[in-house]
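Here the structure comes first, spelled out in structure tokens, and everything after it is commentary.
Both backbone and side-chain heavy atoms feed into the values below; hydrogens, waters and symmetry mates do not.
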Amino acid sequence: MSTKSFFIRLSPSKEGEGSVESQIFRLTNRVAVLTYHFQTHGRDYSSQRGLWKILGRRKRLLAYLSRTNPMSYRDLTNRLGIRGSIRD
């Protein structure tokens, strides 16, 4: 299985590359690539630290998005298949 098959093939909802949605989208793709990398290199601890930093940044961006735009947050998490949806 190639690394490219692990990329999420959804396009970001916003056109701007600096938008919160596109940043979360790119971070999720990086998480998928690193997860695939750890299947063969399970003891790569420096990359694990990088993964933890990516996950922390994505978590903070998701929290910000859920506070500022709950509809966009719900749509993005459903499309990417991460987290549960927030309750109304």
Side-chain angles (χ1 to χ4, degrees):
M1 190 173 260
S2 70
T3 305
K4 290 185 180 180
S5 66
F6 276 91
F7 277 111
I8 297 169
R9 298 201 190 314
L10 301 171
S11 62
S13 62
K14 301 265 183 170
E15 296 299 322
E17 291 185 15
S19 68
V20 175
E21 291 88 351
S22 64
Q23 290 180 50
I24 293 170
F25 178 79
R26 283 194 310 267
L27 290 173
T28 302
N29 276 332
R30 288 178 64 191
V31 167
V33 170
L34 282 172
T35 302
Y36 176 76
H37 170 76
F38 291 132
Q39 290 176 355
T40 26
H41 307 285
R43 295 174 64 182
D44 186 358
Y45 299 117
S46 58
S47 292
Q48 284 181 8
R49 182 172 186 269
L51 175 63
W52 295 334
K53 290 179 79 169
I54 291 169
L55 289 172
R57 181 177 179 131
R58 186 179 75 171
K59 180 180 176 180
R60 288 189 302 273
L61 286 170
L62 283 166
Y64 170 77
L65 186 61
S66 71
R67 284 192 316 269
T68 58
N69 192 349
M71 293 299 291
S72 178
Y73 168 81
R74 189 175 304 126
D75 179 48
L76 185 66
T77 54
N78 288 337
R79 287 189 321 154
L80 295 177
I82 54 177
R83 288 192 174 191
S85 61
I86 58 175
R87 301 189 196 283
D88 292 39

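- Shortest non-hydrogen contact noted between Gln23 and Gly18 is NE2-O, 2.7 Å.
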*Between Phe38 and Leu51, does a side chain to side chain contact (heavy atoms under 4.5 Å, CB included) hold up when you go through it step by step?*
CA-CA 10 Å; Phe38 291 132; Leu51 175 63; 3.5 Å; yes

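- For Ser66 (side chain) and Ala63 (main-chain N/O), a donor-acceptor pair under 3.5 Å exists by modelled atom type.
- To the nearest 0.5 Å, the span separating CZ on Arg26 from OG1 on Thr28 amounts to 11.0 Å.
- Nearest approach of Ser22 to Glu17, heavy atoms of both residues: OG-O, 2.7 Å.
- Residue Arg83 holds its CZ atom at 8.0 Å from CZ of Arg58, rounded to the nearest 0.5 Å.
- Taking CG of Leu76 as the start and CG of Leu65 as the end, the distance is 6.5 Å to the nearest 0.5 Å.
- In this structure, OG on Ser47 lies 11.0 Å from CH2 on Trp52, to the nearest 0.5 angstrom.
- From His41, atom NE2 reaches atom CG of Leu34 across 11.0 Å, with rounding to the nearest 0.5 Å.
- Within 6.0 Å of atom OH in Tyr64, 12 or fewer heavy atoms from other residues, nucleotides or ligands are found, so the atom counts as exposed in its surroundings.
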*Apply the test side chain to side chain contact (heavy atoms under 4.5 Å, CB included) to residues Val20 and Leu62: give CA-CA distance (whole Å), side-chain angles for both, the deciding distance (0.1 Å), then the verdict.*
CA-CA 8 Å; Val20 175; Leu62 283 166; over 6 Å; no

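- Between the Thr40 side chain and the His37 main chain, a donor and an acceptor come within less than 3.5 Å of each other.
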_Could you go through Asp44 and Gln48, starting from their C-alpha distance and side-chain angles, then the distance that decides it, and tell me whether this counts as side chain to side chain contact (heavy atoms under 4.5 Å, CB included)?_
CA-CA 6 Å; Asp44 186 358; Gln48 284 181 8; 5.8 Å; no

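- Rounded to the nearest 0.5 Å, atoms OH (Tyr73) and CG (Asn78) are 9.5 Å apart.
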